[in-house]
Amino acid sequence: MAEMEFGRPLARDETALIAYTLEYGPEPAQCQHYERRMRTSPHEYLLHICFHPDALPTSCHRFFKERIDAPMRYERGVALDVSHAAHILLHKCPPGVHGMFWEWPR
């Protein structure tokens, strides 16, 4: 769990755009996915993942699960752009688990 403070309370219907980096220790870890659990149905959700040019995945996919322990119900390929990033923008997404997974070269 993490808390992100914006310096002041947000007004009703006000939005905030945040960017953050997850680091798990001094040595880089090879991660294969990122997911966000949502209890409510947000109007929009943007997930943007940047890859280092020297460590690009062979493929990237978005997914949805109704619960954390449920199988993936929806899966679709996501292309990397010229800046080595992949993103999904969801509109009125249902509650559940939304995310991306990627495969590394063997």
Side-chain angles (χ1 to χ4, degrees):
M1 175 168 277
E3 179 180 10
M4 295 184 188
E5 296 183 5
F6 301 116
R8 62 177 175 75
L10 296 178
R12 182 177 173 89
D13 295 328
E14 182 179 9
T15 61
L17 182 62
I18 59 171
Y20 58 93
T21 301
L22 298 175
E23 294 185 17
Y24 296 102
E27 295 297 319
Q30 192 176 66
C31 179
Q32 294 180 312
H33 80 285
Y34 179 86
E35 62 188 33
R36 174 65 52 113
R37 298 172 209 159
M38 298 185 195
R39 292 187 214 175
T40 61
S41 182
H43 182 68
E44 289 184 329
Y45 172 62
L46 172 67
L47 174 57
H48 183 250
I49 299 177
C50 301
F51 296 95
H52 190 279
D54 296 333
L56 298 177
T58 56
S59 65
C60 193
H61 304 268
R62 66 172 278 188
F63 68 86
F64 171 74
K65 300 188 293 185
E66 292 177 348
R67 297 177 320 279
I68 192 68
D69 59 346
M72 289 181 193
R73 197 181 87 189
Y74 176 78
E75 185 181 318
R76 187 180 81 196
V78 179
L80 292 181
D81 63 23
V82 295
S83 65
H84 315 297
H87 79 276
I88 57 175
L89 176 61
L90 307 174
H91 299 280
K92 298 180 183 174
C93 53
V97 182
H98 299 270
M100 273 198 271
F101 70 90
W102 45 90
E103 298 176 32
W104 296 111
R106 296 182 190 255

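Everything quoted here is computed from the prediction, not taken from an experiment. Counting from 1, the numbers follow the sequence of the chain as shown. Computation of the quantities below employed the complete heavy-atom set of this structure, encompassing side-chain atoms and omitting hydrogens, waters and symmetry-equivalent molecules.
Tracing side-chain contacts under 4.5 Å through hydrophobic residues (I, L, V, M, F, W, Y), one reaches Val78 starting from Leu80; they form part of the same cluster. Linking Ile, Leu, Val, Met, Phe, Trp and Tyr residues whenever their side-chain heavy atoms come within less than 4.5 Å leaves Ile88 and Met72 in two separate clusters.
The closest side-chain heavy-atom distance from Tyr74 to Phe63 is not below 4.5 Å. In this structure, the side chains of Met100 and Trp102 come closer than 4.5 Å at one or more pairs of heavy atoms.
Counting only distance, with no hydrogens or angles, the side chain of Trp104 and the backbone of Leu56 share no donor-acceptor pair below 3.5 Å. With hydrogens and angles ignored, the 3.5 Å screen pairs a side-chain donor or acceptor of Thr58 with a backbone N or O of Glu103. Remark: the backbone N or O of Cys93 is paired with a side-chain donor or acceptor of Ser41 at under 3.5 angstrom.
Atom NE2 of His87 has 12 or fewer neighbouring heavy atoms from other residues, nucleotides or ligands inside a 6.0 Å radius.
Using a 4.0 Å cut-off between a side-chain N of Lys or Arg and a carboxylate O of Asp or Glu, Arg62 and Glu35 do not qualify as a salt bridge.
To the nearest 0.5 Å, atom CZ of residue Phe101 and atom NE2 of residue His61 are 4.5 Å apart.
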Side chain to side chain contact (heavy atoms under 4.5 Å, CB included) between Arg37 and Ile68, worked out: CA-CA 8 Å; Arg37 298 172 209 159; Ile68 192 68; 3.3 Å; yes
task: Check step by step if salt bridge (charged side-chain N to carboxylate O under 4.0 Å, His left out) holds for Glu75 and Lys65.
output: CA-CA 10 Å; Glu75 185 181 318; Lys65 300 188 293 185; over 6 Å; no
Please output the side-chain donor-acceptor pairs of residues 45-55 that fall under 3.5 Å, not counting sequence neighbours, one pair per line with the distance.
from  : atom 1 : to    : atom 2 : distance (Å)
His52 : ND1    : Asp54 : N      : 2.9

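For Arg36, there are no salt bridge (Lys or Arg N to Asp or Glu O under 4.0 Å) partners at least two apart in sequence or on another chain. Remark: Phe64 engages His98 in a ring pair (Phe, Tyr, Trp, His ring centres under 6.0 Å) (not counting sequence neighbours).
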